[in-house]
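Any value given below was found using the heavy atoms of this structure, including those in side chains, with hydrogens, waters and symmetry copies removed. Every number for a ligand or one of its atoms is a count from 1 in the order of the listing. Everything numeric here is computed off the predicted structure, so don't read it as measured data.
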Amino acid sequence: MKTKLSVNINKIATLRNARGGNYPNVIEFAQKAQDYGADGITIHPRPDERHIRYADAHALRPVVTTEFNIEGNPIPKFIDLVLSVKPEQVTLVPDDPNQLTSDHGWDTITHRDYLKEIIDAFKRNGIRTSIFVDPDLKMIEGAVATGTDRIELYTESFASEFAKGNLQEAKKFASAAKLAHQLGLGINAGHDLNLQNIGYFKQNVPYLDEVSIGHALIVESLIYGMENVIGMYQHKLAGSI
Ligand code: PXP
């Protein structure tokens, strides 16, 4: 089974915002990512719009011809944005406004009714839903009761253990994925996945519908693209036009 790759372009917006202009242009970047084979584009607008902005979500809608995934904490402003942009998928994440990045999944038992109501609204509007969860079997069981179509497994613990040489953590994710599949949920995964760890994750975790990758993919694009670009500058500086 092929797992889809959704490219998170928040870092491109962070670079743009650092200079105040419109370079790099997130629209062009989303187009290129799709031309180069991305199966989807993910954005994570935060209330302070410090990376991707709400206006970017609207501008990206006609450009994302693969699968558009908008993730975030479902505060009223976020819900309104998603309902008006109508991406193919929304991923609900319990992050605080000032958090650097997402660092935990939902407590699907405590927040069952809250999630259910929001998920119903998105589903009624034809938007597939996914909720961010830790690889905890109780939370996966709880996810079913919210009515969500999919879960997104929070992969930070897999990535940090893998980096230390501990491959055992992947087993938790495999069990979580098997249970989710048995219970009829689709399975996404994301956070801290990279070119080093993605192969092992894919080989050991079944039923993976989609991964969303941002931070490492952008850094790796710089690393693997740098040789080419420095060569191009040197060529110009040597007198070529
Ligand atoms: N999934 C969720 C819910 C996230 O918040 C993020 C980071 O924005 C990702 C996936 C992607 O993580 P990374 O940038 O480490 O690839």
Show me the pairs that pass side-chain hydrogen bond (donor to acceptor under 3.5 Å, both in side chains) and involve residues 214-223, at least two apart or across chains. K11-H215
Which ligand 1 atoms, with their elements, are less than 4.0 angstrom from a heavy-atom of E152? 1 (N), 2 (C), 3 (C), 10 (C)
Among all the protein's non-hydrogen atoms, which is closest to atom 11 (C) of ligand 1, and how far away is it? S212 O, 3.8 Å
Specify the protein heavy atom at minimum distance from atom 5 (O) of ligand 1: its residue, its atom name, and the distance to 0.1 Å. S102 OG, 2.4 Å
Among all protein heavy atoms, pick out the one at the shortest distance from atom 15 (O) of ligand 1; state its residue, atom name and that distance to 0.1 Å. D192 N, 2.8 Å
So, are E88 and R61 salt-bridged, with charged N and O less than 4.0 Å apart? yes
Show me which atoms of ligand 1 lie under 4.0 Å from any heavy atom of V93. 3 (C)
Under 4.0 Å between a Lys/Arg side-chain N and an Asp/Glu carboxylate O for D149 and K123? yes
heavy-atom search around atom 4 (C) of ligand 1 in the protein gives E71 OE2, 3.0 Å
Does ligand 1 have any atom sitting under 4.0 Å from a heavy atom of T91? no
Atom 14 (O) of ligand 1: which protein heavy atom is closest, and how many Å away? H215 N, 2.9 Å
By the definition ring-ring contact (aromatic ring centres under 6.0 Å, His included), identify the one residue from F201, Y154, F173 that meets it with H191. Y154
More than 12 heavy atoms of other residues, nucleotides or ligands under 6.0 Å from NZ of K4: yes or no? no
With a 4.0 Å cut-off, would you call R46 and D95 a salt bridge? yes
Atom 12 (O) of ligand 1 has as its nearest protein heavy atom H191 CA, 3.4 Å
Within-cut-off N or O pair, R46 and ligand 1, under 3.5 Å: no
Using the six-membered ring of F158, assess whether NZ or CZ of K172 lies under 6.0 Å from its centre and within 45 degrees of the ring axis. no
Decide, yes or no, whether a salt bridge links K2 with D209 under the criterion of side-chain N to carboxylate O below 4.0 Å. no
Heavy-atom distances under 4.0 Å decide this one: backbone, side chain, both or neither, for H44 against ligand 1? side chain
What is the closest protein heavy atom to atom 16 (O) of ligand 1, and at what distance does it sit? G214 N, 2.8 Å
Go through ligand 1 atom by atom and flag the ones less than 4.0 Å from a non-hydrogen atom of N8. 8 (O)
Looking at ligand 1, would L193 count as a contact under a 4.0 Å heavy-atom criterion? no
Members other than M139 in its cluster, when Ile, Leu, Val, Met, Phe, Trp, Tyr link by side-chain heavy atoms under 4.5 Å? I109
